[in-house]
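Read through the structure below, which is laid out as structure tokens, and then see the notes.
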Protein chains: 4
Amino acid sequence: MTGPQNTPDPSRRNEQSRAAILTAAAELVAELGIGKLTIEKIAARAGVGKQTIYRWWPSKGAVVFDAFLAASEDPSGSLALPDTGDLGEDLRTVLRLTALELADPAFDRTGRALTAEVLTDPALLRDYRERLLDPLLTVTRERLRTAREAGQLRADADLDLAVELLYGPLYYRWLHGLGPLDPGYADQVVAAVLGALGPARD
Amino acid sequence: MTGPQNTPDPSRRNEQSRAAILTAAAELVAELGIGKLTIEKIAARAGVGKQTIYRWWPSKGAVVFDAFLAASEDPSGSLALPDTGDLGEDLRTVLRLTALELADPAFDRTGRALTAEVLTDPALLRDYRERLLDPLLTVTRERLRTAREAGQLRADADLDLAVELLYGPLYYRWLHGLGPLDPGYADQVVAAVLGALGPARD
Amino acid sequence: MTGPQNTPDPSRRNEQSRAAILTAAAELVAELGIGKLTIEKIAARAGVGKQTIYRWWPSKGAVVFDAFLAASEDPSGSLALPDTGDLGEDLRTVLRLTALELADPAFDRTGRALTAEVLTDPALLRDYRERLLDPLLTVTRERLRTAREAGQLRADADLDLAVELLYGPLYYRWLHGLGPLDPGYADQVVAAVLGALGPARD
Amino acid sequence: MTGPQNTPDPSRRNEQSRAAILTAAAELVAELGIGKLTIEKIAARAGVGKQTIYRWWPSKGAVVFDAFLAASEDPSGSLALPDTGDLGEDLRTVLRLTALELADPAFDRTGRALTAEVLTDPALLRDYRERLLDPLLTVTRERLRTAREAGQLRADADLDLAVELLYGPLYYRWLHGLGPLDPGYADQVVAAVLGALGPARD
DNA sequence: AGTTAACCGAGACGGTACGTCACGTCTTTTT
DNA sequence: AAAAAGACGTGACGTACCGTCTCGGTTAACT
């Protein structure tokens, strides 16, 4: 699923095997971390031949990534930010949730492993962008655009910059373990961004 | 060097071997990336026994990290931000340099590999914090503190937040390949931070 | 063909596939030897599904053996030794031809591979005996019997022994690479057998 | 041990591992035959890494052959034929023993497997010749030479031929399962050879 | 003529073994 | 005592084939 590189005819694919592999991968990455995870262990746990994994995925990282996606991808297909009319409130809601997820110890190991994998493998990064990151950034940007049109942001506010100012610091703090990722921090970041890009105050 | 845990008597250490190992590691990580790098290849290239590496370093990542440090650590021992009196100018200088380094394709592979390693190995992260990141954040914070005392930032500006607002977006953009890391972007970030935390405009 | 054990209805068999398989097997065994030969390669070269091979043959050796037979089996169905009336001359003719074939480098690899297969697989050995070896030994024995009745061999000559004295040494020399398999050697063997079992000389 | 091709420094070899490997190979070939025997099973049974096998032997056949040799090679270093002065008696002794060994069902499987391996692998055949077959043929030839000098064989008897006339038929009968390998058969062969190459009877 | 059953090509599947690589430990010899 | 060298047990790699199993598609033979 990760890449449409040169996989065989997908219509002949065994759906049970695919699901068993993703389940096994998800369990094992939580148990062992990605470093100790091996294709052989995934195959064994899934009750599947190794070749069945190699046939459909190009790398260990791709399997794990798919397993992660299978669990987290919004099945409804649509990702949406709240829009109460109050930009600050909406952004606080989103960033608080983001902070909460990053702060979850259960997420930490998997998240770091996946991040490391994604940063290091250009193909995975592309996939990650397309399937998770870009959609998130886009809906955020759209929420900001609505706000800008409503005069809640400066008319010349750069929305790409705004988005990175929102998520970048959280991510930075999380990866480097610089401090607590609590709702207060999320609020601080939102306040700073609004202070920087909100309507002129004089 | 990375882990001062329970290494043997360092006074008997062979300095030539140490240097050869770090040089070989640096070369190999540039040639192969960290994934294809192995202790055996480092030993072979350095003309050194494997045990000599295992004796002094706890992991492959630690060797690479040391090799990276040996090349980049400020030998003068002191890291400093410029202080021209104009905070904006000084921050632009620093962030432009940071952006320049991140944008350097030669740095990209090594930087990503190292980042992945560091994020994934708590011991390495600690080391990275102590020897590279914290000093950088500290000098930045100190420059901001000076500025705050000079009235160039709000009196209630949170300096930890400020630092993360500065570096976070660059890092975020770099890791995810979201856009160009050019001087203009650095300037935008600085402007936003000053807009958010600068003295009240009314 | 090899095993009439429990194969499906032979009337529905696709003759083109059968021929393509035997041809492919013969080519591949010459190119690769029997060790590197695989059912999958035969199927691929013959443009045939693997199941079509498994349906009709019990083992790789059986396919190869059939391929060999298809090429060498006397299609006239009758194998005969010359009978000029002079036993020595007739035996020399046969053994010289046998030596010639064994000495042919093109035969060497295939012959050895097939021999190894046959010696090792009792079912194949049975087949080999029935379809190739026994007929040969029988006609040889019959020629000797005629000669014995004509007084050219001792009346008490053991014909089974005689046959093995004729073929055994050639085979032994060939398999072990003990010396040249030339007409002279064939003649020597014949002379020895006639010396041993010919009519008493006193 | 089989081939001095490009193995590492033998002085550093672990003798315990070597012995364990040969023992395991011998046991397994008797239990499973050579076809079902695998390097992995040998390694597992011997409690040894696969690499330790690959380091010292070039092929599965070579290991098995070494195992066979280790068990059967005359440790005294000298192989000898009896010499009672009566050639017929001495040859009967040897051929009867040979027939006995070949007829032993316990030897049959291993012997056939080994023979197949040896016939098929030129390097193994060379080894087999040098270490087992040639010494046997040589001592036999020497016994015949002594007899020829004593006038028990024709002066012009070809000793290479004689040797092949002795062993060839036994081997032929054994490999093809043509008949019983009993002392009587051995005696018949000896009688024939003496009849052919013994002193002229008129 | 329509149905049915077998063969056929293709190739995915759960497995086993391959031969290689690197791990981290160890032993031997040299410096 | 540290170091170069490298054999060792371990275990994972990614590949090759095994023999079995669907899956459509043809191709007889039998209603």
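Just the heavy atoms: all of them, side chains too, but no hydrogens, waters or symmetry mates, feed the values below. Within every chain, numbering begins at 1; the chains are lettered A, B, ... in the order of the sequence lines, protein sequences first and strands thereafter.
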Ranking dC13(E), dA3(F), dA5(F) by distance to the side chain of S17(A), first place goes to dC13(E)
Length of the [atom1]-[atom2] vector between [X] and [N], whole Å:
| X | N | atom1 | atom2 | value |
| --- | --- | --- | --- | --- |
| Y54(A) | dT15(F) | OH | C1' | 9 Å |
| Q51(C) | dC13(E) | CD | P | 17 Å |
| I53(B) | dT25(E) | CD1 | C1' | 15 Å |

Are OP1 or OP2 of [N] and a side-chain N or O of [X] less than 4.0 angstrom apart?
| X | N | value |
| --- | --- | --- |
| T52(D) | dG9(F) | yes |
| W56(B) | dA3(F) | yes |
| R55(D) | dC8(F) | yes |

ask   = Is a salt bridge present between R131(B) and D66(B), judged by a nitrogen-to-oxygen distance below 4.0 Å?
value = yes
Residues, nucleotides or ligands: over 12 heavy atoms within 6.0 Å of Q16(C) CD:
no
**Study point:** Parallel, tilted or perpendicular: ring planes of Y128(A) versus F65(A), cut at 30 and 60 degrees
**Key:** perpendicular
*asked:* At 4.0 Å (heavy atoms only), tell me whether S11(A) reaches a base, stays on the sugar-phosphate, or touches nothing.
replied: nothing
| said: Using a heavy-atom cut-off of 4.0 Å across all strands, would you classify K41(D) as base, sugar-phosphate, or nothing? | reply: sugar-phosphate
Between E31(B) and the options K36(B), R109(B), R45(B), K41(B), the side chain to side chain donor-acceptor pair (under 3.5 Å) test singles out R45(B)
Report yes or no: is there a donor-acceptor pair, N or O only, under 3.5 Å between the side chain of K50(C) and the base of dG11(E)?
no
